[in-house]
Amino acid sequence: MEFPPALYVYAAMFAGTLGGQFLGMAVDALALGRRVFWVPLAFSVVFEALAGERVGAARFGHSLVARERTKLSLTYSIGLAGISLVLASWLAVSHATPEQIATGHGLVPNDVVFYLTLGLCVAVAYTAARTLLMRLFRGRA
């Protein structure tokens, strides 16, 4: 059974996500001596773009055009957001007391709208950055 070419691209981008996160954490902790959120995120977006563009060009048989890059990047971001929301929900429930789970009170922070808005803004910027970086890493078939 042959999988659609985009599935290979998303798998490569996920490998880029993990590799970028791990390398970013290592650079952050070992070279910079601190732990911040942005360093692994920056490495991750670069590795995702590199993997997405190169594997995309190889799997689609041509250099990706702007529409393909945008679609790949946007779809990948939606998938990551879905996974992240599930993990965040699981973390919230796993730290809740039985009373909170039964009543639902205290599971959602008071400033959830702020964090959802912030997350959406970061996701849009992250998707745009990945799409632009894919253009820089343009691959040949």
Side-chain angles (χ1 to χ4, degrees), residues 1-32 34-141:
M1 180 175 140
E2 182 67 24
F3 293 108
L7 194 58
Y8 292 99
V9 178
Y10 298 133
M13 290 173 78
F14 188 68
T17 300
L18 295 178
Q21 289 289 317
F22 287 129
L23 183 61
M25 286 186 282
V27 167
D28 191 26
L30 299 174
L32 301 178
R34 56 195 175 129
R35 290 185 177 92
V36 293
F37 176 74
W38 301 106
V39 176
L41 187 68
F43 274 86
S44 185
V45 73
V46 169
F47 281 31
E48 289 166 5
L50 180 62
E53 180 66 32
R54 295 302 173 110
V55 173
R59 285 292 172 176
F60 289 112
H62 62 272
S63 294
L64 299 179
V65 296
R67 184 176 351 113
E68 291 170 324
R69 285 186 195 98
T70 303
K71 184 178 177 182
L72 286 169
S73 186
L74 184 60
T75 304
Y76 186 72
S77 288
I78 291 169
L80 277 184
I83 291 168
S84 297
L85 286 174
V86 169
L87 289 175
S89 299
W90 177 78
L91 283 173
V93 171
S94 71
H95 290 89
T97 64
E99 284 179 8
Q100 289 174 317
I101 293 172
T103 63
H105 295 295
L107 288 177
V108 179
N110 294 333
D111 47 4
V112 72
V113 173
F114 168 76
Y115 285 113
L116 285 175
T117 304
L118 178 65
L120 181 62
C121 292
V122 169
V124 168
Y126 192 86
T127 302
R130 185 189 313 112
T131 304
L132 292 172
L133 284 169
M134 287 174 79
R135 171 86 168 117
L136 290 176
F137 297 132
R138 185 176 26 216
R140 303 280 185 253

Is a side-chain donor or acceptor of Arg69 paired with a backbone partner of Glu53 at a separation under 3.5 angstrom?
no
So, taking the atom named CG in Leu80 and the one named CG in Leu85, what distance separates them when rounded to the nearest 0.5 Å?
11.0 Å
Grab the two heavy atoms, one from Glu2 and one from Arg59, that are nearest each other, plus how far apart they are.
OE2-NH1, 4.1 Å
Rounded distance [0.5 Å steps], OG1 in Thr70 versus CZ in Arg130:
11.0 Å
Applying side chain to side chain contact (heavy atoms under 4.5 Å, CB included), run through Asp28 and Trp38 and close with a yes or a no.
CA-CA 9 Å; Asp28 191 26; Trp38 301 106; over 6 Å; no
Rounded to the nearest 0.5 Å, what's the gap from OG1 on Thr131 to CG on Leu74? Could you check?
7.5 Å
Any sub-3.5 Å donor-acceptor pair from Ser73's side-chain atoms to Thr127's backbone N or O?
yes
Is there side-chain contact between Thr75 and Tyr10, with heavy atoms separated by less than 4.5 Å?
yes
Minimum heavy-atom distance Pro5-Phe60, with the two atoms named:
CB-CE2, 3.9 Å
Nearest-0.5 Å distance that lies between atom CD in Glu68 and atom CE in Met134:
9.0 Å
Can you tell me how far apart OG1 (Thr117) and CZ (Phe114) are? Round to the nearest 0.5 Å.
8.0 Å
Do Trp90 and Val86 have side-chain heavy atoms sitting under 4.5 Å apart?
no
OH/Tyr8: more than 12 non-hydrogen atoms of other groups inside 6.0 Å
yes
Locate the shortest heavy-atom distance separating Leu133 from Ala49; write the atom from each residue and the value.
CB-CB, 3.5 Å
Return the minimal non-hydrogen interatomic distance between Ala57 and Ser63, and the atom names on each side.
CB-CA, 4.3 Å
Hey, what do you get for CZ (Arg54) to CG (Leu64), rounding to the nearest 0.5 Å?
11.0 Å
With a 4.5 Å limit on heavy-atom distance, are the side chains of Leu72 and Tyr76 in contact?
no
Should the pair Phe43 and Phe47 be assigned to parallel (<30°), tilted (30 to 60°) or perpendicular (>60°) ring geometry?
perpendicular
